[in-house]
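Values below: all heavy atoms of this structure, side chains included; hydrogens, waters and symmetry mates excluded. Remember, it's 1-based here, ligands and their atoms both numbered in the order they're listed. The first residue in the sequence is number 1, and the count goes up from there.
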Amino acid sequence: MEKARRLIIAGNWKMNKTVAEALDLVNGLKRELANVKEVDILVCPPFTALCEVSKAILDSNIKLGAQNMNENNVGAFTGEIAAVMLKEFSVRYVILGHSERRQYQKETDELISRKALAAHNAALKPIVCVGETLNEREGGLTEKVLDRQVHGSLAGLTPEQMEETIIAYEPVWAIGTGRNATAEQAQQAHTFIRSVLAKIFGENVAKKVRIQYGGSVKPSNARELMSQPDVDGALVGGASLEVRSFADIIKNSI
Ligand code: PGA
């Protein structure tokens, strides 16, 4: 399938996997996916497994991401992790503003934009998550919410930084529910997000930005979702925790 942008499919492991379990998973993925060249493959383990997973994927086609970082470079921020610390383990991407962090850690668009800037300053590529709740969708507010989140979470980025930023459209009602957005709903939201990017950063930048879909992606729906012209990859939660399902999502997307 010919895509305008290279697909990037990421596994967001959330708060799952001990080091031993993480190694089992990533070693299995290495075996299953060794021949895949068409897609950028990314795993995002918890902080505690980054070191060992990083060693395990040396010389493979699997890249490493983290699930969060602090917006400061160093200092008295108990329990926090800075971008430079992630870089020690060859982390290249970092998920920012996931809806679970927006909900449980009260992360705001403003904070997420500072994290995105800090990530770029450390040469990490942020994956910035946006998405509406069920109430917002049913109230006809999807585009208003996406517009606000895209403006707020990416505020202050230069066009060059934006080109190196990935957006994950994750409708909150689809996350972990088994109820994915339809391919049409995803395509519609992605087109809208791209139009907002064009207004802020210009048409040329907007055309290059990769927008992932996330929310109950599984082997059975990956092909249809990934075949949409503005869907440039996936952020996968539950189905990324097993070799079989994550590998099948990737193979079905090619
Ligand atoms: P899910 O999670 O695939 O389990 O729905 C997606 C995400 O939260 O990134």
Should the pair Y213 and H190 be assigned to parallel (<30°), tilted (30 to 60°) or perpendicular (>60°) ring geometry?
tilted
In terms of atom number and element, which parts of ligand 1 are under 4.0 angstrom from non-hydrogen atoms of [X]?
{"X": "S216", "answer": "1 (P), 3 (O), 5 (O)"}
{"X": "E170", "answer": "6 (C), 7 (C), 8 (O), 9 (O)"}
{"X": "N12", "answer": "9 (O)"}
{"X": "I175", "answer": "2 (O), 5 (O), 8 (O)"}
{"X": "G176", "answer": "1 (P), 4 (O), 5 (O)"}
{"X": "H98", "answer": "7 (C), 8 (O), 9 (O)"}
{"X": "G238", "answer": "1 (P), 3 (O), 4 (O)"}

What I'd like to find out is whether the side chain of [X] reaches to under 4.5 Å of the side chain of [Y], using heavy atoms alone.
{"X": "V236", "Y": "F246", "answer": "yes"}
{"X": "R244", "Y": "E32", "answer": "yes"}
{"X": "V91", "Y": "K87", "answer": "no"}
{"X": "I62", "Y": "K30", "answer": "yes"}

When you compare ligand 1 with [X], is there at least one nitrogen or oxygen pair between them that comes in under 3.5 angstrom?
{"X": "G215", "result": "no"}
{"X": "G237", "result": "yes"}
{"X": "G214", "result": "no"}
{"X": "T177", "result": "no"}

Besides L141, the hydrophobic cluster formed by Ile, Leu, Val, Met, Phe, Trp and Tyr side chains linked at under 4.5 Å, directly or via other members, contains V145
At under 4.0 Å between heavy atoms, what of A174 touches ligand 1? The answer is backbone
Within 6.0 angstrom of E242 CD, more than 12 heavy atoms from elsewhere
no
Cut-off 3.5 Å, no hydrogens considered: what does the side-chain donor-acceptor table look like for residues 33-46, sequence neighbours left out?
{"from": "D40", "atom 1": "OD1", "to": "R6", "atom 2": "NE", "distance (Å)": "2.8"}
{"from": "D40", "atom 1": "OD1", "to": "R6", "atom 2": "NH2", "distance (Å)": "3.2"}
{"from": "D40", "atom 1": "OD1", "to": "K63", "atom 2": "NZ", "distance (Å)": "3.2"}
{"from": "D40", "atom 1": "OD2", "to": "R210", "atom 2": "NH1", "distance (Å)": "2.8"}
{"from": "D40", "atom 1": "OD2", "to": "R210", "atom 2": "NH2", "distance (Å)": "3.4"}

